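Data first, discussion second: the structure below is written as structure tokens.
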Amino acid sequence: MTIQQIEIYNTLTRKKEKFVPINPPFVGMYVCGPTLYSDVHIGNCRTFISFDLIYRYLVHAGYKVRYVRNITDVGHLEDEVAGAGEDRIGKQARLKKLEPMEIIQRYAFGFREVMSILNILPPSIEPTASGHIPEQIEMTQKIMEKGFAYEKDGNIYFDVEKFSKTNNYGILSGRNIEDQLDNTRTLDGQEEKKGRLDFALWKKAKPEHIMRWNSPWGIGFPGWHIECSAMSQKYLGETFDIHGGGMDLIPTHHTNEIAQSVGCCGVVPVRYWVHTNMLTLNGQKMSRSLGNVFLPVELFTGMKLAADSPTATPSQAKLEGKHPLFEKAYSPMCVRFFILQTHYRSTLDFSNEALQASEKGFERLMNAVNTLEKLKPSEKSSADIKSLHAKCYAAMNDDFNSPILLAHLFDGVKIINSIHAGTAIVSKEDLTLLKKTFRDFVFDVLGLKEEKETSNNDELANNLMNLVLEIRNEAKSKKDFSTSDKIRDGLAKAKISIKDSKEGTTWEIEN
RNA sequence: GGUCGGGUGGCCGAGCGGCUAGGCAGAGCUCUGCAAAAGCUCCUACAGCGGUUCAAAUCCGCUCCCGACCUCCA
């Protein structure tokens, strides 16, 4: 396998660049993972699906990827402004009388289950912030030694204005620091910080704050951005290839990550910054603060999570009633397909209509994948399979353009169906390539998988269906169509659909 | 208010100077006892107004709408 030449859109330069890893064929990729103070919503899932696509393609393209995706579990401040000094995880722990780590464990379990259901591959390393407190303290110390941070009553703040005198603080967001400082918006509780853009590296814990660790500056907990800098550096080095996350992280989280790393080590931490766009609902970003989020389990079932459900983990959630947003349940692979039909840098608006279109499209694609296995080769080909194969790579090489890839695969679907219908032919060699193309791209790269219950593994069902279909075919051959239609209608009521073809009758269970 | 990104056919979504994706829906035809599936054909759009160019959905300017970020958020 030759390594593909990939172009990646780099937020740093605002254009597509040739992807050249620091130490080929090795690639270091860090993606900001979930903050486990609540359940992941489907908007979060979009980001993880996008990076799963990128990870899968890099691996498929021949790279040896170390993919690090963190879990933030130290409890970021919920309401520093009002002086509450209580983190979200700690707050829930008190209210529900649970240990903080008990809550983390539950959300982590649910998160991993949802990832698995969506066929998102686990990263190479999934480090937790709470497991890397010493690294974060050490990094904070280094930043202080370099003079880019100051202490104030047990809190350590990063000095953005000082940093910006020798560095371009807004290099990622494209904002200049004067504009940001001039921002008329006023925030309360800023008196501790020297500058309004300064951010905490370490926070002193109030007595009621449950998640706490010892540090050179007293009992406290790490700031909101330091864990990603510390953990990426630990596992990928001071400078690594790709750093990703949702684009809402650009102006603050990632901007501060760069400042921390540069402030600590004097080198830029990341070569390619990759950002995914948001999932919207009626044109509005799905977010917790807007309250327009829905959960994967609700989408997969079309049901509403019960108010007293102890968890939103799909396998354990308690559901009640139809979800007002969904006309029906949408399967995980339908959702994945829906997301992959849009480029990762575009916003994607959720709607029943769009989801149902994806459902049909996904089914058509998977039917063709199955048909492909039954095709017989001919002497030569009437379609250009090599070109199709090349176009699939070209699409992915162009900034992981999955919608274009799918468009090409659907061209392939037409070819497959035409061959099956006898209006096109393929050579043996081309058929092998066509099969490889579909297997590689549909399963390995796009990460789609068959969801239909393959009836073959249920001997009882198979035997029964064979008998029923045999009776129906006998009736048909006697032109006893009322009997044959009665069988078909009866099966349809039992959610079993059948299709007559030249090779015989096939059946499947509708989802 | 500042910064950034958008407005594409009935819907979803690519493209980002010439070759006018793809999916879904709709119409007709073929196949079929009828369905379903599949094949063929049709429906040909780029917010508005100017400009640059032999050529613009694609570049430039203005206008109108929408969104994101500036405060935790994928």
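These numbers come from a predicted model, not from an experiment. Every chain is numbered from 1 and lettered A, B, ... according to where its sequence line falls, protein lines coming before strand lines.
Below the 3.5 angstrom threshold, one finds no donor paired with an acceptor across the side chain of A:Asp500 and the base of B:C31.
Of the N and O atoms on the side chains of A:Thr72 and A:Glu227, at least one donor lies less than 3.5 Å from an acceptor on the other residue.
As judged by a 4.0 angstrom heavy-atom cut-off over every strand, A:Gly283 is placed among residues touching the sugar-phosphate backbone only. Using a 4.0 Å heavy-atom criterion, one finds that A:Lys414 contacts the sugar-phosphate atoms exclusively. At a threshold of 4.0 angstrom between heavy atoms, the contacts of A:Asn367 with the nucleic acid are absent. Looking at heavy-atom distances under 4.0 Å, A:Pro251 makes contact with sugar-phosphate atoms alone, never a base. Among the heavy atoms of the strands lying under 4.0 Å from A:Ala354 are primed sugar atoms or P, OP1, OP2 only; no base atom is included. Contact annotation for A:Ser418: backbone-only contact, meaning every heavy-atom pair under 4.0 Å involves sugar-phosphate atoms and none involves a base. Residue-level contact check: A:Leu365 touches neither bases nor backbone, having no heavy atom under 4.0 Å from any strand. Residue contacts for A:Arg488: at a heavy-atom cut-off of 4.0 Å it reaches a base atom on one of the strands shown. Residue contacts shown for A:Leu279 include a base, since a base heavy atom lies under 4.0 Å away. Backbone-only engagement by A:Phe410 is indicated by non-hydrogen atom pairs under 4.0 Å involving sugar-phosphate atoms exclusively. The residue A:Ser501 sits apart from the nucleic acid: no heavy atom pair falls under 4.0 Å.
Checking the phosphate oxygens (OP1, OP2) of B:G15, a side-chain nitrogen or oxygen of A:Asn401 falls inside 4.0 Å. Regarding contacts with the backbone of B:G6, every side-chain N or O of A:Ser346 stays at 4.0 angstrom or more from both OP1 and OP2. Listed pair A:Thr347 / B:A68 fails the phosphate criterion, with no side-chain N or O lying under 4.0 Å from OP1 or OP2.
Two residues, A:Ser289 and A:Gln284, neighbour RNA chain B, and the one matched to the more 5' nucleotide by heavy-atom proximity is A:Gln284. Nearer to the 5' terminus of RNA chain B, by closest-nucleotide assignment, is the contact made by A:Asp411 (compared with the other of A:His41 and A:Asp411).
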* Asked: Where does RNA chain B pair, written as one dot-bracket string 5' to 3', with Watson-Crick or G-U pairs under 3.5 Å, ( ) inside the strand, [ ] for crossing pairs and | for another strand?
  -> (((((((..(((.....[...))).(((((.......)))))....(((((..]....))))))))))))....

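Comparing B:A36, B:A74, B:G39 by their closest approach to the side chain of A:Lys285 singles out B:A74. Distances were taken from every side-chain heavy atom of A:Thr252 (C-beta onward) to each of B:C11, B:C24, B:C70; the shortest belongs to B:C70. Side chain of A:Arg364, nearest nucleotide from B:A38, B:C72, B:A14: B:A38.
In summary, the aromatic rings of A:Phe441 and A:Tyr393 are positioned with their centroids under 6.0 Å apart. Ring centroid separation for the pair A:Phe326 and A:Phe294 comes in under the 6.0 Å cut-off.
Within a heavy-atom distance below 4.0 Å of RNA chain B, the residues of residues 10-18 of chain A found are A:Arg14.
The CZ atom of A:Arg345 sits 12 Å away from the C1' atom of B:G15 (whole-angstrom rounding). Here B:G13 presents its P atom at 12 Å from CD1 of A:Ile339, a figure rounded to the nearest Å.
The aromatic ring of A:Phe481 sits over the base of B:G33, with ring centres less than 5.5 Å apart and planes tilted by under 30°.
Straight-line distance between the C1' atoms of B:G26 and B:A47: roughly 25 Å, to the nearest whole Å. Spacing between B:C49 and B:A56 at atom P, rounded to whole Å, works out to 15 Å. Taking the C1' atom of each, B:C70 and B:G17 are spaced 35 Å apart, rounded to whole Å.
At a threshold of 4.0 Å, the pair A:Arg488-A:Asp485 counts as salt-bridged, since one of the basic side-chain nitrogens sits closer than that to a carboxylate oxygen.
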